Each structure stands twice: as C-alpha cells, then as structure tokens.
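First the structure, in the form of structure tokens, and then the observations on it.
The structure presented is a predicted model; accordingly, all values stated were derived computationally and were not measured. Reminder, nothing fancy here: chain letters follow the sequence lines and each chain counts from 1.
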Number of protein chains: 2
Amino acid sequence: MNAACHHEDGAHHGLHGQALRLALTAAETRCAASQERLTLPRRRVLELLLEAHGPLKAYDLIAAFGSGGEPAKPPTVYRALDFLERQGFAHRIESLNAYVPCRLDGRGHSAAFLICDCCGAAEEFEPDLGAGIAAAAARGYAVSAVTLEARGLCPVCQVG
Amino acid sequence: MNAACHHEDGAHHGLHGQALRLALTAAETRCAASQERLTLPRRRVLELLLEAHGPLKAYDLIAAFGSGGEPAKPPTVYRALDFLERQGFAHRIESLNAYVPCRLDGRGHSAAFLICDCCGAAEEFEPDLGAGIAAAAARGYAVSAVTLEARGLCPVCQVG
DNA sequence: ACACGCATGTTATATAGTAACATCAAGCGC
DNA sequence: GCGCTTGATGTTACTATATAACATGCGTGT
Ligand SMILES: [Zn+2]
Ligand SMILES: [Zn+2]
Ligand SMILES: [Zn+2]
Ligand SMILES: [Zn+2]
C-alpha cells in the first residue's frame with residue numbers, strides 16, 4: 001500500500017469466520033490427498049495470508065505469527081512459505097517481496113498478477129502464456145515456471 | 001550461476017574492446033538526445049553490466065565498481081541502476097535480484113526473460129503481451145509496466 | 001527398540017536496499 | 001559575477017530480506 005494513496009483499499013477482502021475455516025479445511029483435504037502434511041506453522045501462515053487484505057511481507061507474517069504477540073523466527077515462516085508455494089497454496093510476488101494466497105485454486109499453474117502502484121491491490125489472473133511459451137520453445141528452452149507481473153493503476157485509483 | 005551446474009556457461013557473452021566502446025558511445029548518444037546525462041558512475045555501472053557474461057547482483061557491481069579494487073558505496077550503484085532502468089539501458093530480473101543490460105535496444109519496452117535454473121543464463125526476448133494486456137483491460141487496470149520471467153532449462157543444460 | 005526421513009527450533013549470519021543530510025556542479029535570470 | 005534553483009554525488013548509518021548450520025523432535029516401517 002502506497003503511503004500517499006488516498007483511495008479506498010482496492011485489495012482483495014480477507015477471509016474470516018466460516019469462509020476462512022472452509023478454505024483451511026480445503027487445504028487440509030488437498031494435502032491429505034497428496035501425502036503432504038499441513039503442519040501447524042504451515043497452516044498458521046496460510047491462515048494469515050487468507051485473512052489479509054493484500055500481499056503480506058515475510059516479516060509481517062513473522063510479526064503476526066504468534067496467537068499472542070510473540071513473533072516467529074524467520075526460518076519458521078520462510079519454510080512454511082516454501083511449502084505453500086510448492087503446493088500451490090500461495091505465490092510470491094517478486095516485484096513486491098510479498099506473498100499472497102492463491103486465488104485460483106492453485107497447484108501447478110503460472111502466477112500472474114495485476115498490481116496497483118497506488119493502493120497496493122494485487123489481483124491474480126490466469127495468464128494466456130501461449131506466445132511466451134512459443135518464444136521459449138523457439139529458443140529451445142524447457143520452461144518449468146512462469147511469472148508475470150503487470151504494474152499500473154486499478155480502476156479505483158485511476159479515478160481520483 | 002548454479003553451483004552444481006557442470007555445463008558450459010550458456011549466458012550471453014560479455015562485450016569488450018571495440019564492441020563495448022561502441023555500446024557505451026551509443027548510450028551516450030541516446031542520453032544526449034533525451035537531455036539526460038550519462039555521468040561517470042552511471043556509465044561505469046553500465047560498462048560493468050555490458051562486460052558481464054550474465055546477470056549481476058547489486059553487490060557484485062558495488063564490489064567491482066572501482067578501477068582499482070575499491071568498492072563503491074551502495075547508494076552510488078543503486079542510484080545508477082535506477083537511472084539505467086528508467087532510461088531502458090538495463091533491466092532488473094526480480095526473481096534473481098540481479099541486473100542485465102538491455103539486449104533489445106531498450107526504452108519503454110516490457111522486460112521478458114528466459115532464465116536457466118542450471119547455468120544462470122538469462123536471455124531477453126520481446127514478449128507478446130496481447131493476452132495479458134487484454135486481461136488487464138478487462139479488469140479496468142491501466143498497465144504501465146509488465147515483467148515476465150520464465151524459469152527452466154536452456155538447450156545446453158537439458159542435454160547433460 | 002532402532003533407524004530413517006522429514007519437519008521444526010534455535011542461533012547466528014549473509015545479502016539486499018534505503019533514509020537522511022552534506023556537498024557539488026550546471027543552468028539561468030539578473 | 002552573483003545568487004538561486006535543480007539534479008547528481010558522497011557519506012554515514014540503518015532497515016529489510018533471506019539463509020546457513022546444526023540440534024531436536026516425531027511419525028513410519030522393520
Ligand atoms: Zn494462484
Ligand atoms: Zn489502486
Ligand atoms: Zn530490454
Ligand atoms: Zn543452462
């Protein structure tokens with residue numbers, strides 16, 4: 001969130017209550033199905049990402065980790081983030097050094113975001129990578145992951 | 001460059017000698033045309049990027065800055081990089097925290113790279129952003145910059 | 001019980017990037 | 001020339017981001 005931004009927060013609403021519980025249960029289920037374990041720190045980090053209204057920095061997660069005020073140690077959170085990314089539950093937004101929960105029911109898709117430079121909203125979308133993949137193939141590259149980040153102004157922030 | 005990589009370096013060859021001088025002169029010319037100044041630290045950082053065989057980290061540039069061994073202070077290099085990016089002479093590769101000189105005669109184009117996870121090569125290409133821009137437009141976003149980074153294996157590293 | 005693989009806890013450190021303020025140098029009106 | 005403005009640089013100190021290394025715990029199979 002840009003400090004100078006005077007607009008309403010255009011970012012995704014955080015989940016809470018029943019919706020949050022449902023999302024976490026769904027994650028549990030998906031982990032069980034793939035022989036992975038959604039352990040306590042992993043679940044906690046995912047919960048924090050789902051509750052948030054926008055991208056969170058690693059050190060925001062570290063600070064918020066404990067149910068009381070106690071922070072986590074950095075490796076705890078970074079390991080959880082690695083896991084969540086591997087499983088497709090979360091994405092790292094490289095140009096922000098920040099993390100979001102996957103809004104597209106994850107696993108194995110490419111990450112693409114529209115990021116508002118004013119209010120900090122980061123909207124995930126399903127990119128059409130046809131042309132990019134073709135360019136890679138033409139050069140003989142075997143592509144395993146693609147990230148696309150478009151910066152600009154969201155509809156709300158264009159107005160003011 | 002991955003430490004475990006045993007392949008030949010697939011990265012771009014660095015410029016040197018006459019080719020390097022030509023590239024720097026071209027940059028001078030382009031700056032003069034747009035009322036910008038390619039000052040000494042800016043020119044030096046661009047030279048280091050052009051000479052390199054692949055993406056350079058900011059602190060590599062800081063260490064290599066002095067003609068003798070003396071390093072630069074971080075702000076010197078970061079400011080130069082900001083300038084070079086603004087003018088389209090260089091790009092930051094977000095997923096590497098590293099920088100490359102523009103290989104497509106820069107100014108105002110989107111940055112797109114194929115990055116080899118094995119040997120560290122980073123090849124710039126001109127992306128077809130039609131679909132991505134359309135997705136942005138459909139959501140009302142006004143996009144000002146797009147970065148696309150595809151990770152995988154270059155032709156050389158697929159073989160071994 | 002025992003060994004194995006994987007997750008976690010803990011300490012310390014490495015790497016990346018910026019704030020703040022002083023100084024300098026060019027352009028410009030006078 | 002002189003004083004002003006604007007942009008670039010030098011310098012110090014600091015903040016933010018991320019990882020190495022090693023010890024500990026825990027479930028699973030034998
Ligand atoms: Zn996603
Ligand atoms: Zn916005
Ligand atoms: Zn370029
Ligand atoms: Zn390679």
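- Closest of all the heavy-atom pairs between B:Gly88 and B:Cys102 is O-CB, 3.4 Å.
- Protein atom NZ of A:Lys73 is 18 Å distant from nucleotide atom P of D:dT19, rounded to whole Å.
- Among the heavy atoms of the strands lying under 4.0 Å from A:Tyr99 are primed sugar atoms or P, OP1, OP2 only; no base atom is included.
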Kindly indicate, with the supporting measurements, whether the criterion salt bridge (charged side-chain N to carboxylate O under 4.0 Å, His left out) is fulfilled by B:Glu149 and B:Arg151. CA-CA 6 Å; B:Glu149 299 179 12; B:Arg151 318 288 307 241; 5.5 Å; no
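- Distance B:Ile62 CD1 to C:dG17 C1': 9 Å, rounded to the nearest Å.
- In this entry the distance linking CG of B:Leu81 with P of D:dT9 reads 12 Å, nearest Å.
- Rounded to whole Å, the distance from CD on A:Glu36 to P on C:dG5 is 17 Å.
- The separation between A:Arg44 atom CZ and C:dT8 atom C1' is 17 Å, rounded to whole Å.
- Among D:dG10, C:dG17, D:dC22, the nucleotide with an atom closest to any side-chain atom of B:Asn97 is C:dG17.
- Of the candidates B:Phe113, B:Phe125, B:Tyr99, B:Phe113 is the only one forming a ring-ring contact (aromatic ring centres under 6.0 Å, His included) with B:His91.
- Of the listed nucleotides (C:dT8, C:dG17, C:dG9), C:dG17 has the atom at the smallest distance from the side chain of B:Ala58.
- At whole-Å resolution of the value, CD in A:Gln35 and P in C:dA7 are 12 Å apart.
- Within the 4.0 angstrom heavy-atom criterion, base atoms lie near A:Arg79.
- Place A:Arg37 and A:Tyr78 on DNA chain D by their nearest nucleotides, and A:Tyr78 ends up nearer the 5' end.
- Taking side-chain N and O atoms only, A:Thr39 has no distance below 4.0 Å to OP1 or OP2 of C:dA7.
- With hydrogens and angles ignored, no donor-acceptor pair under 3.5 angstrom links the side chain of B:Tyr59 to the base of C:dA14.
- Distances from the side chain of B:Pro75 to the nucleotides C:dT8, C:dA19, D:dA18 place C:dA19 closest.
- Comparing A:Phe83 and B:Lys57, the nucleotide of DNA chain C nearest to each residue sits closer to the 5' end for A:Phe83.
- Distance B:Arg86 CZ to D:dA8 C1': 11 Å, rounded to the nearest Å.
- Residue B:Leu96 contributes atom CG, which lies 14 Å from atom P of D:dA18 at whole-angstrom precision.
- Counting heavy atoms from C-beta outward, B:Thr147 and A:Ser95 have side chains that stay 4.5 Å or more apart.
- To the nearest 0.5 Å, atoms NZ (B:Lys57) and CD1 (B:Ile93) are separated by 10.5 Å.
- Out of C:dT8, D:dT9, D:dA18, the shortest distance to the side chain of A:Pro74 is found at D:dA18.
- At least one side-chain nitrogen or oxygen of A:Arg92 sits closer than 4.0 Å to the OP1 or OP2 atom of D:dA18.
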